[in-house]
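Here is the structure we will look at.
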Amino acid sequence: MALKYTEKTIEHFTKPRNLGTVENANAEATEGSPACGDMVSYTLNINPETLIIEDIKFKSYGCASNIATASIATELVKGKHIDEVKKMGTTEAASELGGLPPVKMHCSVLAINGIKAAIREFEKKIGRIEDEKRIITEKALLNILKNVMHPKHGINIVDNGNIQRIRIDGQDIFIIITLEPDEEMFASNIHDEVMEHLESMKCSHEIMIKIESKTGDFI
Ligand code: FES
């Protein structure tokens, strides 16, 4: 079945803005989507005094919505202070395009998080932030899980109510995710995406994820 894209999405896909590489960039990042293997790279020029993003360009190694969301994201952040960009939600690129099919919502997460990753690297370089020493709390885990979109509903699995339980027990992290009985087909995709996002924390915890259907059967 063909996916329905808004006119604006098609427009940004066929005529992407800010495509390429910024010369003399002082910030850059490449982010990959665990869900599909697509990637996006950004190069930015951030004014070190004003902390305004003066220029940004992207290269996409992904799908049509990867290109469209990265294109609109560059327009959204250009001219903004990095602190303002850091507060942006991961679905803002999709909203600005007039929405994306639910299965493509993770493209918006990738587009926004890629820019935030470049800003984080820049801030480390100029000594504005230190290397994060992540303290693993339930709240920190929920924040990471908010980057995983439910492919059917296009909402992150935390706000969609799929996280049934999180337990941190010493070095072990247990997560129980529930899906509707007719959503079994998404189980392995969600499992892999959760795993890859949690592994990006680079912590030494053992991560165990269990996916159940709401009728109680294990998937
Ligand atoms: Fe993965 Fe678009 S970025 S399908």
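Numbering of ligands and ligand atoms starts at 1, following listing order.
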query = Please, which pairs that meet salt bridge (charged side-chain N to carboxylate O under 4.0 Å, His left out) have at least one residue in residues 138-149, sequence neighbours excluded?
reply = none

message = For residues 88-103, which residue pairs pass the salt bridge (charged side-chain N to carboxylate O under 4.0 Å, His left out) check, not counting sequence neighbours?
response = K8-E96

task = Drop me the distance from I46's CD1 to H81's NE2, to the nearest 0.5 angstrom.
result = 10.0 Å

inquiry  = Listing by chain and number, which protein N, O or S atoms are under 2.8 Å from atom 2 (Fe) of ligand 1?
reply    = C63 SG, C107 SG

inquiry  = Assess the residue pair N156 and N147 against the criterion (side chain to side chain donor-acceptor pair (under 3.5 Å)); give the C-alpha distance rounded to whole Å, side-chain angles, the decisive distance to 0.1 Å, and a yes or no.
reply    = CA-CA 6 Å; N156 73 69; N147 288 301; over 6 Å; no

request  = Using the salt bridge (charged side-chain N to carboxylate O under 4.0 Å, His left out) rule, collect all pairs that involve residues 156-176, keeping only residues at least two apart or in two chains.
outcome  = R167-D169

key: Distance-minimising heavy-atom pair for I67 and S60   = CG1-OG, 3.2 Å

